[in-house]
Amino acid sequence: MVGLARGSTHPTDDFRVSVGRAPPAKFPMNVLEQLRRAFVAATPEGGDPAAFALAVRPSTDPKFGDYQANGCMAIAKAAKKNPRELALEVAKVVDLAPMAGPPEVAGPGFLNVRLSDDWIARQLGDLLVDEKLGLSFPEHPKTVVVDYSSPNVAKPMHVGHLRSTVIGESLARIYSALGHKVIRDNHLGDWGSQFGMILWGWKNHRDEAAYAANPVAELARLYKLAQARIKPGETLRERYGKAISLDEAGKSAEARALFAKLAEGTTDTFEDVARKIAEARDVADATRAETVKLHAGDYENRVLWDQFMPHCLAALQAVYDRLDIKHDVHLGESFYDPMLADVVKDLETRGLAVESEGATVVFSEGFKAPFIVRKRDGAYNYATTDLATIQYRKATWDPDLLLYVVDHRQGDHFKQLFAVAKRWGYDGIAMEHVAFGTVLGQDRRPYKTRDGDVVGLESLLDEAIAEARKVVDENSAHLPEGQRRHVAEVVGLGAIKYADLSQNRMSDYVFDMARMVALSGNTATYLQYAYARIQSIFRKAETTPEAIRAARPPIALSNPAERALAVRVLRYPETLEFAAGELKPNILTDYLFDLANAYSTFYQECPVIKAESPERRDGRLALIDLTARTLRAGLSALGIGVVDEM
RNA sequence: GUGCUCGUAGCUCAAUUGGAUAGAGCGUCGGCCUCCGAAGCCGAAGGUUGCAGGUUCGACUCCUGCCGAGCACACCA
């Protein structure tokens, strides 16, 4: 990353630390945090306490205990001491009571911590009556603006929009669950060149009957029509552009010769290609002209815009409703349009923006290309809009953190934007581009159906729900129709969201319908299934979670599967904070899968209702109640629901 | 050409940011339903982490150089 030299801190470090150091609420149950505090107090001479604390982690292997402190080796190296001896000293000094006894020194200087069974059991007892499952809200909550989904209103949403929408919603929910103030902002593309295409289409090719019947479908058709008239010509120009230019410059013979060379292996003729390119250019110019008119306040275009927008927004909202996604604000490009002139003026006044090749631009160190805030033709662009957006957000919400959940292809743009914004005076706000890869098909090309259209988001949702419905009908025929339908929706949509959230790599995303709607293995279904089985046990046990919570039965951890499950439950707070700090929902999905897996093993080995005694039975009911609540809360933070029966 | 992102099991992906024997799912093979839901559990096979060097107690992770992939490179967003 630009501006982040090797060895410098992660851009959200400040933020993460402040979250991690959230003061303890009534129940300070972030186990990792507690251990870190204990180890900080035992930092060896010459060591950095913060780094020493950070080196405390969950163990990589159960045989090394539950947590391990790895900081002694680094300190020993710097101080030229023997790491094992240093570790022995720390082990003697560190006070982990009542969480654990003295850590065990292993290997070159690892300190292994095994939590006390009694302590775990007591913690679980407290968690049982803690609505927040051990989360402690910060004394000074941060304000976070999450900018996500942000589709172009004129185009139908397709699978490519899913990632931003699903990941952004999850991050919003995670920060919210941690007690921060979150503003979910849908930065709609409602003012750009795509509207020029629609306006052009409307004026030249509209079908009023079709518009009356389904406005959005008709607008989408017009948009596609404009694209179809422009795209092929542009593709041809990429190949033959030089030849055409020569011809236009009067060098006809040279042009033909070059064309013949470029056209080798095709049936293209010069006249045909030249005509198509010219046509495409004419249409492109015409659509651009419509955009310019709209921006200039042209009455007719503005009226059409006002007429189209409600339909577009309603269509988007229908998709968001299905996905259970609720933005707090929908402030699109058009909203910021009136502010753009002042933004540029201010940049100029401060000497940040300068004239270059007719345009107004901001140069930043480390970037070759300038940041264009006013084009040569006087129009503003997305760079200006994005700056205005930061200004507005600062004035309106005074945020601590801005998250942009946007395709990684805009990485350069955001780097420049952040650099300019900081120099403009917004250096107090942490800004992060939460990037992700492009959606591709299994052939590693952009995902398309047979007829060449990108798969619509809604048909993907339908497909997933239908797949879930098949399994529901097969496995749960006893459930009434309405319930089966509901279960299919929760399971189907959960599958899609989880498939996206469990993978947060930067590399391009290979879309695979079968995997997207898969209902076995590491899927949301697995977690939902574990949850439903727990509810089933409660139904059969003829008691309720409420009754168990009120009774607060002692929880015993005699069985290894029981203990493993208990430790997983305790790790919910630290995992959620970790996921938030790293901006990676897949950290949460990994944890939840691990939790559900621990439960499944427990379920296999530890009878609940038929436990050896009523005390053991109630203790296990308490444990699985905690498990269920953690699964539900974790899934909720991913934007995924649960059902009691499925 | 410059920059960004990446390369891990047959496939899709993890790996807590330098920690101990690189883990899951799918697929394959083998066990488990007279026992709280088999959308499940248990086990097996499968790896020179693209290649070659380097840094150190220790490298998928950091450095250098190659190979390969995707993306972006002023006035689209």
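Chain A is the first sequence line, chain B the second, and so forth, proteins listed ahead of strands; every chain is numbered from 1. Model, not experiment: these values are computed from the prediction.
Residue Met73(A) is classed as a base contact, given a heavy-atom separation below 4.0 Å to a base. Using a 4.0 Å heavy-atom criterion, one finds that Gln194(A) contacts no nucleic acid atom at all. At a threshold of 4.0 angstrom between heavy atoms, the contacts of Thr601(A) are confined to the sugar-phosphate backbone, with no base atom among them. Base engagement by Asn112(A) is indicated by at least one non-hydrogen atom pair under 4.0 Å involving a base atom. No engagement by Ala518(A) is indicated, since no non-hydrogen atom pair under 4.0 Å with the nucleic acid exists. When heavy atoms are screened at a 4.0 angstrom cut-off, Lys368(A) is found touching the sugar-phosphate backbone but no base atom. Residue-level contact check: Pro83(A) touches neither bases nor backbone, having no heavy atom under 4.0 Å from any strand. The residue Asn586(A) sits close only to the backbone: its heavy atoms come under 4.0 Å of sugar-phosphate atoms, none of a base.
The CE atom of Met506(A) sits 14 Å away from the P atom of rC71(B) (whole-angstrom rounding). With rounding to whole Å, His413(A) atom NE2 is found 14 Å from rC75(B) atom P. A straight line from NE2 of His433(A) to C1' of rC71(B) spans 12 Å, rounded to a whole angstrom. A straight line from CD of Gln68(A) to C1' of rG18(B) spans 13 Å, rounded to a whole angstrom. As rounded to whole Å, 12 Å separates atom P of rA77(B) from atom OH of Tyr223(A). Rounded to an integer number of Å, the gap from Arg409(A) CZ to rC73(B) P is 10 Å. Distance NZ (Lys415(A)) to P (rC71(B)): 17 Å, rounded to an integer number of Å. Atom CD1 of Ile372(A) and atom C1' of rC73(B) are 12 Å apart (whole Å).
Nearer the 5' end of RNA chain B, as judged by each residue's closest nucleotide, is the contact made by Asp61(A), out of Asp61(A) and Asn152(A). Both Ser59(A) and Gly192(A) lie near RNA chain B, and the one whose nearest nucleotide falls closer to the 5' end is Ser59(A).
Looking at Gln528(A), its side chain does come within 3.5 Å of a backbone N or O of Gly641(A) through a donor-acceptor pair. With His408(A) contributing its side chain and Phe436(A) its backbone, the two residues share a donor-acceptor pair below 3.5 Å. Of the possible polar contacts, none joining the Glu562(A) side chain to the Leu623(A) backbone as a donor-acceptor pair under 3.5 Å is found.
With a 6.0 Å radius and a threshold of 12 heavy atoms from other residues, nucleotides or ligands, Glu612(A) has its CD atom above the threshold. Within 6.0 Å of CD on Glu104(A) lie no more than 12 heavy atoms contributed by other residues, nucleotides or ligands.
A cation-pi arrangement, defined by a distance under 6.0 Å to the six-membered ring centre and an angle within 45 degrees of its axis, is absent between Arg571(A) and Tyr591(A).
Going from the P atom of rU21(B) to that of rC60(B) covers 10 Å, rounded to whole Å. For the P atoms, the distance linking rG53(B) with rG46(B) amounts to 26 Å, nearest Å. For the P atom pair drawn from rC63(B) and rG47(B), the interatomic distance equals 29 Å after rounding to whole Å. Here the separation of rA9(B) from rA22(B), taken at their C1' atoms, is 11 Å to the nearest Å. Separating the C1' atom of rU8(B) from that of rC13(B) is a span of 10 Å, rounded to the nearest Å. Between rA39(B) and rC26(B), the distance separating the two P atoms is 13 Å to the nearest Å. Atom name P, nucleotides rG3(B) and rG10(B): the rounded distance is 34 Å, in whole Å. Atom name P, nucleotides rG50(B) and rA15(B): the rounded distance is 15 Å, in whole Å.
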Within the sub-3.5 Å range, which N or O atoms of nucleotides 22-27 of chain B have a protein N or O partner, and how far apart are they?
none

When you compare the protein's N or O atoms with those of nucleotides 32-38 of chain B, which come within less than 3.5 Å of each other, and at what distance?
from, atom 1, to, atom 2, distance (Å)
rC35(B), O2', Lys610(A), NZ, 3.2
rC36(B), O2, Val608(A), N, 3.4
rC36(B), O2, Ile609(A), N, 2.9
rC36(B), N3, Val608(A), N, 2.8
rC36(B), N4, Tyr603(A), O, 2.6
rC36(B), N4, Cys606(A), O, 2.8
rG37(B), OP1, Ser536(A), OG, 3.0
rG37(B), OP2, Lys540(A), NZ, 2.5
rG37(B), O5', Tyr603(A), OH, 3.4
rG37(B), O2', Tyr529(A), OH, 2.8
rG37(B), O2', Arg533(A), NH1, 3.4
rG37(B), N7, Ser536(A), OG, 3.3
rG37(B), O6, Met646(A), N, 3.2
rG37(B), N1, Met646(A), O, 2.8
rG37(B), N2, Met646(A), O, 3.2
rA38(B), OP2, Arg533(A), NH1, 3.3

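Applying the 3.5 Å distance criterion, the base of rU16(B) shares no donor-acceptor pair with the side chain of Lys584(A). Taking only distance into account, the side chain of Glu474(A) never meets the base of rA39(B) through a donor-acceptor pair shorter than 3.5 Å. In the interface, the side chain of Thr385(A) is not paired with the base of rA77(B) through any donor and acceptor atom under 3.5 Å apart.
Side-chain N/O atoms of Gln503(A) include one lying less than 4.0 angstrom from OP1 or OP2 on rC13(B). Taking 4.0 angstrom as the limit, Lys77(A) places none of its side-chain polar atoms (N or O) nearer than this to OP1 or OP2 of rG58(B). Phosphate proximity of rG19(B) to Thr60(A): absent, as no side-chain N or O sits under 4.0 Å from OP1 or OP2.
Lacking a ring centre under 5.5 Å from that of the base six-membered ring together with a plane angle below 30°, Tyr526(A) does not count as stacked on rA39(B).
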The dot-bracket string of RNA chain B, counting Watson-Crick and G-U wobble pairs with both distances under 3.5 Å, using [ ] for crossing pairs and | for pairs to another strand, is (((((((..((((.....[...)))).(((((.......))))).....(((((..]....))))))))))))....
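Aromatic rings from His295(A) and Phe195(A) are positioned such that their centres are separated by 6.0 Å or more.
Applying the 90° criterion around 0 to the glycosidic angle, rC33(B) comes out syn.
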